[in-house]
Structures are given as structure tokens and as C-alpha cells.
Amino acid sequence: LETPFIPQESVFLNIPYDSAFERLYIAYIVGITALRLAPRTTLEIPDTTRRLDRIQTLLGECRYSIHDLSRVQVTRAAPRIPRFNMPFELGLAVSWSAMNPGRHSWFVCDSERHRVLKSISDLAGTDINIHDGQVRGVMRELCNMFARHAVRPDVTDLMKRYRELRLALPQIQRQAGSRTLYEPRVFKDICYVANS
Amino acid sequence: VSAEDIARIFSISPKRQAALREILASVREKSGRNNAGPKRSASKPSKKKAAAKK
């Protein structure tokens, strides 16, 4: 059996999987691959595995994690409850990072300034990356997060790559027979095209 | 991390890689064609402005 290839330069992407977030989801993939890093998400997790175990394994394989909390909100359907998966996974990353100094760095993103601290005041003192809910904002914040990274693309270049990938999406989805961008195969295809 | 690394991480078959590269090439070709299309010449000053200059 071939040993699975696990690069240290991977980014665990903790994001919501909903249609309103699609533009930013693509923006993250484009930006992360342009930084010559590998995006990783829970979309890779097969249904047969216990999700929490795989999340922890994924986190352990990633040098970085990005937690976008811009859509942590109460569900529309009753019972109206907040979606806690993303803050929970942020907690796992914070804990993993604290237990393994120098091995993992985590970043928090939101679309509105000061909002995260209202729901998670424990993050006081943490720099929150505000992307304003815009593709360009995600690109800008990725450049800020990885300002000391060896590869430093500029936002104009990232936007060009983003537009190119958007044009390729219908064909990628058609070939995969997929209705959403949040299917495992589509995610992997998008990552490959974004990096090509 | 290169495209090859991504293919290895996600176990993307060589056949699928080729298909994806083809998609990207066609998109680039199309957008290249659009960018290389006929461009409008620099706009002439309007008659009103030209008259005002006189």
C-alpha cells in the first residue's frame, strides 16, 4: 500500500457549506492554493468515519487553520438554534495549537468588525480578520494572514485566478454530476484546477 | 504544494487530472479571446466639449 502523502503546508478550512457562502468558499480555495498551500476541509471526511475523529486527524495534519465565523447564525427552521460546528472546531484548533506549540497556527475570520467578540468573548486579544463578506476581502485577509509566507501573490492576481476558476465551475460540476460545490469530488477538482 | 501534490493528497486519477486541465485550458482560451477582441478606440471629445473649446 502506498503511504498517503500529507504535506505540512496544509490549511484546515473551517467554513459553512451553504449556497450563500459559495463565492467566499471559492475565494478561500483560490487564495490558499495561490499561496502554494493545500486546502483541507471536512468535505474529505467519508461518511463511514466518525466525523469528530477525522476532524481531529485533519487538524493534526495541517500547519494552519482558518475559521470563518461569518455565518454562525440561528437556523431559519424551527427549532431556531445556532450552528455550533464552526466555533466548536475553532475550539479544537485552539486546544491543538496550545498543546503543540509551534506546530499549528489558527486564524479567525468574520465579515463584521467586533461581532465575533460579542458571541465568543474568550477571543478578546485575538486579531480577527475582517473580509467584509467580499471575495476581494477574503483575498486581502489571506495575504495579511500569510504576510511572512515565502509565496506572496497580490490581490489583483488572486482576483484574476478567481474569475478564471468561476468560469470553469459549470463544467467541473457538470462532469461530476453534482448539484452543489460542496461535494467531496467537486471540492477536490476545484482545488486541483485552482492550483494548475 | 503543487498541482501534483494536490492530485496525490486527493487521489485524483491521471485521467481526471487531464480532463480538469482541459477545462482550464478551454476557459483560458475563451477568456484570452475575449480579452483580445476588438477594443473601442479612445473616446473622442463630445461635440459639445469640442464646441466649448473653440
Side-chain angles (χ1 to χ4, degrees), chain A residues 1-12 29-30 32-41 43-46 58 61-64 146 149-151 159-177 183-196, chain B:
Chain A
L1 270 175
E2 197 180 331
T3 314
F5 175 73
I6 302 164
Q8 253 299 292
E9 296 301 289
S10 293
V11 181
F12 176 73
I29 293 176
V30 168
I32 290 168
T33 52
L35 286 156
R36 292 286 168 214
L37 299 164
R40 311 292 301 275
T41 68
L43 293 170
E44 302 168 38
I45 299 174
L58 257 183
E61 290 172 3
C62 294
R63 173 73 184 82
Y64 309 98
F146 296 97
H149 196 61
V151 182
M159 290 303 292
K160 190 181 159 212
R161 286 168 183 241
Y162 170 80
R163 284 190 289 269
E164 207 170 71
L165 184 57
R166 290 282 301 187
L167 292 174
L169 288 179
Q171 282 192 71
I172 292 174
Q173 272 190 271
R174 197 163 45 243
Q175 287 188 4
E183 288 183 17
R185 176 173 164 174
V186 176
F187 166 68
K188 294 171 184 180
D189 285 354
I190 292 172
C191 290
Y192 182 80
V193 172
N195 207 336
S196 296
Chain B
V1 174
S2 65
E4 290 70 37
D5 294 330
I6 295 281
R8 283 171 70 190
I9 296 166
F10 297 137
S11 308
I12 301 173
S13 71
K15 194 179 163 190
R16 185 73 193 135
Q17 289 177 47
L20 291 169
R21 281 198 302 271
E22 211 169 286
I23 291 174
L24 189 61
S26 77
V27 163
R28 281 182 178 156
E29 197 190 320
K30 266 186 208 165
S31 63
R33 262 206 310 265
N34 289 344
N35 291 339
K39 285 188 180 154
R40 292 170 62 185
S41 55
S43 61
K44 290 178 186 170
S46 67
K47 283 181 185 172
K48 211 174 175 182
K49 276 186 186 169
K53 271 188 183 174
K54 284 177 189 171

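Every chain is numbered from 1, with letters handed out A, B, ... down the list of sequences.
Across every non-hydrogen atom of B:Ser2 and A:Arg36, the tightest pair is CA-NH1, 4.2 Å. In terms of heavy-atom proximity, B:Arg16 sits nearest to A:Asp189 at NH2-OD2, 2.7 Å. Minimum interatomic distance between B:Ala7 and A:Tyr192 (heavy atoms only, all atoms of both residues): CB-CE1, 3.9 Å.
For a residue to count as touching a neighbouring chain, one of its non-hydrogen atoms must lie under 4.5 Å from one of that chain's; by this rule B:Ser26 touches chain A with the side chain only. For A:Pro184, no part lies near chain B; criterion is any non-hydrogen pair under 4.5 Å. When heavy atoms are compared at a cutoff of 4.5 Å, B:Leu20 approaches chain A by way of both its backbone and its side chain.
Counting heavy atoms from C-beta outward, B:Ile23 and A:Gln175 have side chains that approach closer than 4.5 Å.
For the atom pair SG of A:Cys191 and CD1 of B:Ile12, the computed distance is 7.5 Å after rounding to the nearest 0.5 Å. Atoms CD1 and CG, on A:Ile172 and B:Leu24 in that order, are 8.0 Å from each other to the nearest 0.5 Å.
Residues of residues 161-171 of chain A having a heavy atom under 4.5 Å from any heavy atom of chain B, listed by number: A:Glu164, A:Leu167, A:Ala168, A:Gln171.
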